[in-house]
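The first residue of the sequence shown is numbered 1, and numbering continues consecutively from there.
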Amino acid sequence: MLFIGIDLGTSSTKLLLVDEKGAILNTVTKDYELYFPQPGWSEQNCEDWWSACLEGIPELLKGFDASDVAGIGAGGQMHGLVALDKDDNVIRPAILWNDGRTFAEVDYLNNVIGKDKLSEYTANIAFAGFTAPKILWMKKNEPENFAKIAKIMLPKDYINYKLTGVHCCDYSDASGILLLDVEHKCWSKEMMEICGVSECQLPKLFESFEVVGHLTSCAAKALGLSESVVVVAGAGDNAAAAVGTGVVGEGGCNISLGTSGTVFMSSRSFGVDPNNALHSFAHADGGYHLMGVVLSAASCNKWLCDDILKNEDYAFEQKDITDDKLGENRVFFLPYLMGERSPINDTDARAAFVGMSMDTTRSDMVQAVLEGVAFAIRDSFEVAKKLGLDIPKSKICGGGSKSPLWRKIFANVLNIPLETVKTEQGPGYGAAMLAMVGCGKFSTVQEASDALIEVSSVTYPDAELAEKYEKQYRKFALIYPALKSVFPKLK
């Protein structure tokens, strides 16, 4: 049997072909455009995602027997608002997770409806990236489009619909809409009323590994596959990536350094941060997880190197950051290029270099960016510690984790060992594993993880360097509170 994993990302869709032993046989990546119609807005054409699959899956299967494909799973960018009319046509471009237009709606939900009520209804409060504020924005600013809505779904759910004809969503992805009662895994009647939508406009809910349907004849023909191919519900990108790194069950942790950065802590039982600084979501393994999200992670390094320093050779930019410079930098960086989510939840926050002087060097600034992202992730770890969570080690994945220097900085800022896995392919691999469970290759996600995930390397902290970074983090923690009142005045 063969399985296809779909990683529906913000800038591209990555497709994986995986055999039943977990070996990756082929990969194909298809890029597409990201649109910024106004400052702070971020949109994408849903049709571009489907075109990526239509072009990429036949290419993925070249040289392989397509009749061996048994299942498909998708992991996708979360929170994006996909709205369909009564004929299942897309009403408007999808409003994405990193779109910041909903500050007024977030304020309404958190301060008029109230954070206590939101947490009671959904286990979470409103953030600019979440889907419910986008629904309210559309209701207020595009009433004609809002009136046309027959179905609301998320980006990877649109792909599943195109594959099966079923309007579906899994619990992990639905958790980030702010319409799901996460603890009881059902749509919240109170939140539907607040947002002016009905349950018939929302997709049917599934566990991530559950089968939602088979390929339609149209999709099968277009992709060169059999109509017998099983499609599972899949998961939000962070939950799928966690599955793909073996972070399932009780006490697992994964740090993902992609465009955004996340710290993902899995649990078998439901739990909620009383201050809602961390998200409380369902997990793709059938359990739950707490998650902190930094909106700009590897994108900070990309921004500095590509756009400011005009050099895409990241290793070159890091070569002068020698061991003796670690923990000694006098330059600090707030990584809030897109505002910030966890734990400060501040759409007005902005990036800043602090502490520069006449002797500040290019490499000092690069180092400050790498450290600033690690400190921002540490902020979420601090919240977890206050909740009594013990995090003795963590997996680390994503493009940023390919840098040995960045892994070393993270291990010492967090003062825990960081593990990389042998097959690190992010959400696409986890989605393929979910398809394996759906097809009966494994009985549970835990069983699939135990069989397929292998640690390839471990980065350990150094006691002396960790102590230096402890002092550096305490300095970093002073900067945002000092600037918080300034940021709104800079608009």
Side-chain angles (χ1 to χ4, degrees), residues 22 75 122-124 170-176 180-185 206-210 232-256 262-293 342-343 377-378 380-397 410-411 414-424 426-427 429-431 433-434 436-438 442-455 458:
T122 72
N124 296 280
D170 77 291
Y171 294 114
S172 75
D173 217 358
S175 298
L180 185 75
D181 177 344
V182 174
E183 181 178 10
H184 301 102
K185 293 187 174 181
F206 294 84
E207 293 288 358
S208 297
F209 48 83
E210 286 187 313
V232 296
D237 51 6
N238 292 297
V243 170
T245 55
V247 179
V248 298
E250 188 67 34
C253 183
N254 182 52
I255 297 166
S256 177
T262 62
V263 53
F264 185 110
M265 295 159 281
S266 65
S267 175
R268 291 190 180 90
S269 57
F270 172 78
V272 62
D273 167 22
N275 296 313
N276 298 114
L278 299 178
H279 306 325
S280 181
F281 287 174
H283 190 8
D285 65 354
Y288 298 89
H289 71 273
L290 291 174
M291 182 171 68
V293 179
S342 305
I377 291 286
R378 167 78 182 264
S380 287
F381 269 75
E382 292 300 301
V383 174
K385 288 178 184 177
K386 290 176 182 177
L387 294 174
L389 298 180
D390 180 33
I391 308 172
K393 63 181 180 179
S394 177
K395 301 285 184 18
I396 187 167
C397 68
F410 260 92
L414 301 176
N415 198 19
I416 58 173
L418 297 178
E419 301 174 339
T420 58
V421 297
K422 187 174 181 180
T423 305
E424 202 276 275
Y429 193 68
M433 291 170 62
L434 294 172
M436 292 181 188
V437 177
F442 299 101
S443 59
T444 64
V445 177
Q446 182 73 63
E447 184 183 326
S449 173
D450 293 342
L452 302 177
I453 304 303
E454 180 181 347
V455 172
V458 184

Task: M433 side chain near L452 side chain, heavy-atom distance below 4.5 Å - done: yes

Open item on the list: I'd like to check F381 versus I416 (side-chain heavy atoms, cut-off strictly below 4.5 Å). Are they in contact?
Closed with: yes

Task: Residue pair D273 / L387, side-chain heavy-atom distance below 4.5 Å - done: yes

Open item on the list: List the residues meeting salt bridge (Lys or Arg N to Asp or Glu O under 4.0 Å) with K386, not counting sequence neighbours, and say none if there are none.
Closed with: none

Open item on the list: Quick one, V445 with E447, criterion side chain to side chain contact (heavy atoms under 4.5 Å, CB included). Give me CA distance, side-chain angles, the key distance, then yes/no.
Closed with: CA-CA 5 Å; V445 177; E447 184 183 326; over 6 Å; no

TODO: Under the side chain to side chain contact (heavy atoms under 4.5 Å, CB included) rule, what do S380 and L278 come out as? Steps first, then yes or no, please.
DONE: CA-CA 7 Å; S380 287; L278 299 178; 3.8 Å; yes

TODO: Provide the closest heavy-atom pair for A123 versus V182 in the form atom of the first, atom of the second, distance.
DONE: CB-CB, 4.2 Å

TODO: Return yes if a side-chain donor-acceptor contact under 3.5 Å exists between D170 and S172, otherwise no.
DONE: yes

TODO: Measure the shortest side-chain to side-chain distance between L414 and I255 over non-hydrogen atoms and say whether it is less than 4.5 angstrom.
DONE: yes

Open item on the list: side chain to side chain contact (heavy atoms under 4.5 Å, CB included) for F209 and V232? Distances and angles first, verdict last.
Closed with: CA-CA 6 Å; F209 48 83; V232 296; 5.7 Å; no

TODO: Answer whether the closest heavy-atom distance between the side chains of V243 and V248 falls below 4.5 Å.
DONE: yes

TODO: Decide yes or no for Q446 and D450: does some side-chain heavy atom of the first lie under 4.5 Å from some side-chain heavy atom of the second?
DONE: yes

TODO: With rounding to the nearest 0.5 Å, note down the distance linking CG in L418 to SG in C397.
DONE: 11.0 Å

Open item on the list: Would N124 and F281 count as a side chain to side chain contact (heavy atoms under 4.5 Å, CB included) here? Give the steps.
Closed with: CA-CA 8 Å; N124 296 280; F281 287 174; 3.7 Å; yes

Open item on the list: Going by side chain to side chain contact (heavy atoms under 4.5 Å, CB included), name the residues that satisfy it together with A242, two or more places apart in sequence or in a different chain.
Closed with: V247, F264, H283

Task: Least distance between heavy atoms, V263 atom then C253 atom - done: CG2-SG, 3.9 Å

Task: Considering all heavy atoms, the nearest E210-E207 contact - done: OE1-N, 2.8 Å

Task: Check: L180 and K185 side chains under 4.5 Å, non-hydrogen atoms - done: no

TODO: Please report the shortest heavy-atom distance between A451 and F442, naming the atom on each side.
DONE: CB-CE2, 3.6 Å

Open item on the list: Could you report the tightest heavy-atom contact between F206 and A233, atom names first, then the distance?
Closed with: CB-CB, 3.7 Å

- [ ] Please round to the nearest 0.5 Å and tell me the distance separating atom CD of E382 and atom CD1 of I377.
- [x] 12.5 Å

Open item on the list: For F270 versus Y288, what's the shortest heavy-atom pair and its separation?
Closed with: N-CD1, 3.4 Å

TODO: Would you indicate whether the side-chain heavy atoms of T420 and I396 approach each other to under 4.5 Å?
DONE: yes

Task: Any donor-acceptor N/O pair, H289 side chain to A239 backbone, under 3.5 Å - done: no

- [ ] Determine yes or no for a side-chain-to-main-chain donor-acceptor pair under 3.5 angstrom, with S280 supplying the side chain and G271 the backbone.
- [x] yes

TODO: Tell me, yes or no, whether the heavy-atom count around K393 atom NZ, taken from other residues, nucleotides or ligands under 6.0 Å, exceeds 12.
DONE: no

- [ ] Can you tell me which residue pairs pass the side chain to side chain donor-acceptor pair (under 3.5 Å) test with a partner in residues 232-255, sequence neighbours excluded?
- [x] N238-T262, E250-S267

Open item on the list: Once rounded to the nearest 0.5 Å, what's the spacing between atom NE2 of H279 and atom CE of M291?
Closed with: 5.0 Å

